[in-house]
Amino acid sequence: MNTDEYFMQKALEEAQLAFEEDEIPVGAIITIDNRIIAKAHNLTERLNDVTAHAEMQAITMAAHYLGGKYLIGCTMYLTLEPCAMCAGALYWSQLSRLVYAAPDTHRGYSVMGGKLHPKTEVVTGILSQEATTLLKQFFQQKRK
């Protein structure tokens, strides 16, 4: 039962935690051999750190778990397209596979000129509607 949808649902659970903590609701899961080795969500508000994105937190956790800086053989499940900063970190980590739910048409790496490692396989759109709904709900509450 460990499918892309299953792991993206786990990433959405992380995004929900971020939402409940008044963080932009982005969640990340990293797997290797269909095992979760890292899970994280945005912590930029709590840590007062613009680099504390879910991806950055998950990369650090996975590297610690693996005992090395490269994420070869790993898949990251992410609820929102990574920004250029996070794409750069994913590039250097040599992540094998990235699966993200919703595109970020304003700040995503694909529109901001970021790059992933040439060997990184990218899959998009898995549970996109659920991720988009959570993000819209968060920003609607902020505008009240």
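Atoms considered below: every heavy atom in the structure, side chains included; atoms not considered: hydrogens, waters and symmetry mates. No experiment lies behind these values; they were computed from the predicted model shown.
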Among Q137, E130, Q129, which residue satisfies the side-chain hydrogen bond (donor to acceptor under 3.5 Å, both in side chains) criterion with T133?
Q129
Side-chain heavy-atom pair I32, S96 within 4.5 angstrom cut-off
no
Between A38 and A58 the two heavy atoms that sit nearest each other are CB-O, 3.5 Å
Are L98 and Y65 grouped together when hydrophobic residues (ILVMFWY) are joined by side-chain heavy atoms under 4.5 angstrom apart?
yes
Measure the CE-OG1 distance between M56 and T51 for me, rounded to the nearest 0.5 Å.
5.5 Å
Step-by-step side chain to side chain contact (heavy atoms under 4.5 Å, CB included) determination, R46 to E21:
CA-CA 8 Å; R46 181 193 305 169; E21 295 170 11; 2.8 Å; yes
Could you walk me through whether T60 and H64 pass the side chain to side chain contact (heavy atoms under 4.5 Å, CB included) test, one step at a time?
CA-CA 6 Å; T60 299; H64 283 268; 3.5 Å; yes
Main-chain N/O of I24 paired with N42 side-chain donor or acceptor, under 3.5 Å
yes
Compare every heavy atom of M8 with every heavy atom of A101, then report the nearest pair and how far apart it is.
N-CE, 3.6 Å
Would the distance check show the side chain of S93 and the main-chain N or O of L90 forming a donor-acceptor pair, the cut-off being under 3.5 Å?
yes
Contact check, side chains of F7 and M76, non-hydrogen atoms, under 4.5 Å
no
Interatomic spacing from CD in Q16 to CD in E13 - rounded to 0.5 Å
9.5 Å
I'd like to know if K142 and D22 make a salt bridge, using a cut-off of under 4.0 Å between side-chain N and carboxylate O.
yes
Would a single hydrophobic cluster contain both L17 and V26, if residues Ile, Leu, Val, Met, Phe, Trp and Tyr are joined by side-chain heavy-atom contacts under 4.5 Å?
no
Anything under 30° is parallel, anything over 60° is perpendicular, the rest tilted; go ahead and classify H117 against Y91.
tilted
Minimum side-chain heavy-atom gap L116-L95 below 4.5 Å
no
Hydrophobic clusters here meaning ILVMFWY residues chained together by side-chain heavy-atom distances under 4.5 Å, can you tell me if M61 and I59 are in one?
no
Establish, from distance only, whether the side-chain atoms of E81 and S110 form a donor-acceptor pair under 3.5 Å.
yes
Any side-chain heavy atom of T44 within less than 4.5 Å of one from E23?
yes
Would you indicate whether the side-chain heavy atoms of T79 and Y100 approach each other to under 4.5 Å?
no
How close do C86 and H53 get, counting heavy atoms only, and between which atoms?
SG-ND1, 3.4 Å
Got Y6 and Q9 here, is their nearest side-chain heavy-atom distance under 4.5 Å?
no
Spacing of CG belonging to L71 relative to CH2 belonging to W92, to within rounding of 0.5 Å
14.0 Å
H106 and V111: CA distance, side-chain angles, deciding distance, side chain to side chain contact (heavy atoms under 4.5 Å, CB included) verdict
CA-CA 7 Å; H106 300 290; V111 295; 6.0 Å; no
Give, for atom CD1 of I37 and atom SG of C74, the distance between the pair rounded to the nearest 0.5 Å.
4.0 Å
Is it true that atom OH of Y70 has more than 12 heavy atoms of other residues, nucleotides or ligands lying nearer than 6.0 Å?
no
Does a side-chain heavy-atom distance below 4.5 Å link E5 with I126?
yes
For A40 against Q57, the heavy-atom pair lying closest together
CB-CB, 3.5 Å
Nearest heavy-atom contact between Y109 and K115 is CD1-N, 4.3 Å
Measuring from M112:CE to R107:CZ, what's the distance to the nearest 0.5 Å?
8.0 Å
From L78 CG over to D104 CG, what is the distance, rounded to the nearest 0.5 angstrom?
10.0 Å
Are T75 and I30 packed together at the side-chain level, in the sense that at least one heavy-atom pair is separated by less than 4.5 angstrom?
no
Out of curiosity, does F139 fall in the hydrophobic cluster containing L80 (side-chain heavy atoms, cut-off under 4.5 Å, transitive links)?
yes
